[in-house]
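Order of appearance sets the numbers: ligands from 1, and atoms from 1 within every ligand.
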Amino acid sequence: MSSVQTVLLEWFRQHQRKLPWRGVTDPYKVLLSEVLLQQTRVEQTIPYYERFLARFPSLEALSRADQEDVLKVWQGCGYYARARNLHRLAQQVVAAGGVFPRTSSALRALPGIGPYTAAALASIAFGEPVAAVDGNVRRVLSRWYAWEKPTAGQIQQAAEALMAGLAQSQGPSPGDWNQALMELGATVCLPKNPACGRCPVARFCLGQAAPERYPGAKERKQRRLELTALVLQGPGGVYLEQRQGPILGGLWGVPMEEGPGALARLLVRFGLERAERLGSLRHEFTHRKLHIEVYRAPWVAGENPASRPLSRLDQKILALVEANLSSQHSPAG
Ligand code: SF4
């Protein structure tokens, strides 16, 4: 009788989606695809992957780039810390001779590489038999074993046991196996309404009678942040400054402060007496819900926002300013 590995790999060979990084084993390209996939849906990832490679075709080219250029190409993709880490990683690997470490444990010493990315990269690019566990794999394995509240260790052990079974059969690539599990999670064993009727491994699955029970929902707490943004408009555009800190650090945006008294602090900082309130916006990051009050004041000089890497949040703020201006200029009635 066929093993779950044989059945799933055969399904993967026949039904995998055609994606630009399929069959690619260049570690730089594999890493880029993995980093992008962690934050965006596959369809959105493809243009970023192609754009990034067109601009920085090799690790060497990326290592020589300015951080601002890297962020500009990444613009709109979110999670800018990942772009900054990718850039630092390129500089570090190139400085050490330009050759990637070949094992997941050595890869984990590089900037921004966690256990999942290290395992995915080592298995796909170098054939190391290590299990890569992401959210898709966690869900699929929880269902196979009908585990409502599996611990991370339990899932990891199960994934490693499956990888060990694959290694014994000598032949298929560990990278294909990891990708096959993820592909099943992404296209068949979906979080809601999994397609058990067309699932290639249904006969191995203990959870298919009530798949959505497994795994139980994880609680996710989102912190709420109150922010005030001050758009300073002058000849040539708006005043922009480079942000510091972990969230949008390295990107450019309008001056912003957090918490009570934020507007007063902004006015003092720019020597202004008052600013006009334009409205408010909401914006979400994975663990943060932002509420932003937007103000505007005239300023001595500004620059064209298109020339800088801006976050989506700043693009939203500037769109609010634009909408306000056009409503003021449209004929009354
Ligand atoms: S049978 Fe259903 S729940 Fe089980 S792995 Fe397949 S799609 Fe997921």
Side-chain angles (χ1 to χ4, degrees), residues 1-19 21-23 33-34 36-46 104 114-117 119-124 128-220 286:
M1 192 167 130
S2 315
S3 68
V4 69
Q5 286 95 338
T6 321
V7 173
L8 187 58
L9 279 164
E10 187 50 37
W11 170 84
F12 182 62
R13 267 187 278 278
Q14 288 182 20
H15 297 279
Q16 61 180 284
R17 291 165 296 176
K18 287 195 172 46
L19 301 170
W21 49 85
R22 289 281 193 234
S33 67
E34 288 299 332
L36 284 167
L37 283 168
Q38 283 167 37
Q39 59 203 52
T40 344
R41 292 212 315 276
V42 163
E43 314 81 66
Q44 293 168 330
T45 300
I46 296 170
S104 57
Y116 164 77
T117 311
L121 183 52
S123 63
I124 298 169
E128 190 188 3
V130 278
V133 177
D134 71 345
N136 279 324
V137 172
R138 177 175 182 269
R139 183 174 63 256
V140 170
L141 296 187
S142 302
R143 288 173 176 173
W144 284 7
Y145 298 109
W147 286 335
E148 271 183 67
K149 287 199 166 55
T151 62
Q154 209 176 339
I155 295 284
Q156 189 64 38
Q157 253 185 357
E160 280 167 14
L162 286 162
M163 182 59 85
L166 180 84
Q168 278 164 15
S169 69
Q170 301 279 321
S173 139
D176 280 354
W177 169 250
N178 279 334
Q179 291 184 85
L181 260 182
M182 289 184 247
E183 188 77 350
L184 187 76
T187 60
V188 178
C189 194
L190 302 164
K192 290 217 165 67
N193 301 320
C196 303
R198 61 179 175 87
C199 176
V201 291
R203 68 187 150 104
F204 300 96
C205 179
L206 301 177
Q208 63 176 296
E212 290 186 30
R213 267 178 60 186
Y214 315 104
K218 260 194 186 169
E219 274 184 44
R220 180 195 270 183
T286 321

Quick one: CG on Leu206 to OG on Ser142, what's the gap to the nearest 0.5 Å? 12.0 Å
Working to the nearest 0.5 angstrom, can you tell me the gap between Thr117 OG1 and Asp134 CG? 9.5 Å
Taking 4.0 angstrom as the limit and counting only heavy atoms of Ala202, give me the atoms of ligand 1 inside it, by number and element. 1 (S)
Atom CD of Glu10 with >12 non-hydrogen neighbours under 6.0 angstrom: yes
Would you indicate whether the side-chain heavy atoms of Phe12 and Leu181 approach each other to under 4.5 Å? no
Quick one: pull up CD in Gln16 and OG1 in Thr187 and give me the separation to the nearest 0.5 Å. 10.5 Å
Roughly how far, to the nearest 0.5 Å, is the CD atom of Gln157 from the CD atom of Glu160? 7.5 Å
Counting backbone and side-chain atoms alike, does Cys189 have an N/O/S atom under 2.8 Å from atom 2 (Fe) of ligand 1? no
So the atoms of ligand 1 within less than 4.0 Å of a heavy atom of Gln208 turn out to be 1 (S)
Which protein heavy atom lies closest to atom 6 (Fe) of ligand 1, and at what distance to 0.1 Å? Cys199 SG, 2.3 Å
If we ignore angles and hydrogens, is there a donor and acceptor under 3.5 Å between the side chains of Gln38 and Glu34? no
Give the atoms of ligand 1, by number and element, whose distance to some non-hydrogen atom of Trp144 is under 4.0 Å. 5 (S)
Kindly confirm whether atom 6 (Fe) of ligand 1 is within less than 2.8 Å of some N/O/S atom in Cys196? no
Suppose I only count heavy atoms of Arg143 and a 4.0 Å limit; which atoms of ligand 1 are within that range? 3 (S)
I'd like to check which ligand 1 atoms, numbered from 1 as shown, lie under 4.0 Å from a non-hydrogen atom of Pro211. 3 (S)
Give the numbers and elements of all ligand 1 atoms closer than 4.0 Å to a heavy atom of Cys205. 1 (S), 3 (S), 4 (Fe), 5 (S)
